[in-house]
Chemist: 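Dumping the structure here so I can ask a few things about it.
For clarity, every value in this text was computed on a predicted model and none was experimentally measured.
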Amino acid sequence: MLHAVLEEVGFLDYARRKKEGQWLFSALHSGVADPPSTASKRVNYRLKKAGIHRPRELVFHSSRHTSKDLMRIAHVDPRTIDRQTGHAPTSVGDRYGSKHLREDEIAVLAAIPLPEGLDLSPYLRRREEELEGRRK
């Protein structure tokens, strides 16, 4: 489950240390005109460098589509899916209720299994190396 991996690699600690109003990925907002486009280009560059980029098939934005597919397969409520992916509500009724994910919705998302074959070991190894370096 992704939530557990984010916890394990230290990402949640990193996010919690951010001050109110501070961007999570501040480098994308420093001297950059279009942060979403910059993020996409940087990730696509890394995909190409790793040899796993296929134009118009596997790009950074496709991970958003994949996550929506995985949430639908897991029978996650459409409202929760839209909140998670940042999509606008499609009807007046969908606009009612909390504007943010509730604790119960977060728990549902955290319980979705990761896609089969997803290898996160490089991130886990890096975290182990960081922790080992702190112990010395």
Chemist: Distance-only, no hydrogens or angles: does the Tyr14 side chain make a donor-acceptor pair with backbone N or O of Leu24 under 3.5 Å?
Modeler: yes

Chemist: Which pairs pass salt bridge (Lys or Arg N to Asp or Glu O under 4.0 Å) with one or both residues in residues 76-89, sequence neighbours excluded?
Modeler: Lys68-Asp82, Arg79-Glu105

Chemist: Checking Arg72 now: which residues fulfil side chain to side chain donor-acceptor pair (under 3.5 Å) with it, not counting sequence neighbours?
Modeler: Asp69

Chemist: Report the C-alpha distance between Leu101 and Leu109 in whole Å, list the side-chain angles of each, state the deciding distance to 0.1 Å, and finish with yes or no for side-chain contact (heavy atoms from CB on, under 4.5 Å).
Modeler: CA-CA 10 Å; Leu101 289 170; Leu109 294 171; 3.8 Å; yes

Chemist: List, by chain and number, the other hydrophobic cluster members for Leu70, where Ile, Leu, Val, Met, Phe, Trp and Tyr join if side-chain heavy atoms come within less than 4.5 Å, directly or indirectly.
Modeler: none

Chemist: Flag yes if Phe25 and Val9 sit in one hydrophobic cluster, no otherwise; membership is Ile, Leu, Val, Met, Phe, Trp, Tyr, and two members link when side-chain heavy atoms are under 4.5 Å apart.
Modeler: yes

Chemist: Please list all pairs passing the side-chain hydrogen bond (donor to acceptor under 3.5 Å, both in side chains) test where one or both residues lie in residues 24-34, with sequence neighbours left out.
Modeler: none

Chemist: Treating Ile, Leu, Val, Met, Phe, Trp and Tyr as nodes and any side-chain heavy-atom pair under 4.5 angstrom as an edge, say whether Leu114 and Phe11 lie in one connected cluster.
Modeler: yes

Chemist: Can you list the residues that meet the salt bridge (charged side-chain N to carboxylate O under 4.0 Å, His left out) rule with Arg17, with sequence neighbours excluded?
Modeler: none

Chemist: Do you know the tightest heavy-atom contact between Val76 and Ile81?
Modeler: O-CD1, 3.5 Å

Chemist: Scan residues 18-28 for pairs that pass salt bridge (Lys or Arg N to Asp or Glu O under 4.0 Å), counting only residues two or more places apart or in two chains.
Modeler: none

Chemist: Can you establish whether the number of heavy atoms outside Glu103 located under 6.0 Å from its atom CD is more than 12?
Modeler: no

Chemist: Of the non-hydrogen atoms in Arg102 and Ser98, which two are nearest, and what is the gap between them?
Modeler: CG-CB, 4.0 Å

Chemist: Measure the spacing between OG1 of Thr38 and CZ of Arg42 and express it to the nearest 0.5 Å.
Modeler: 5.5 Å

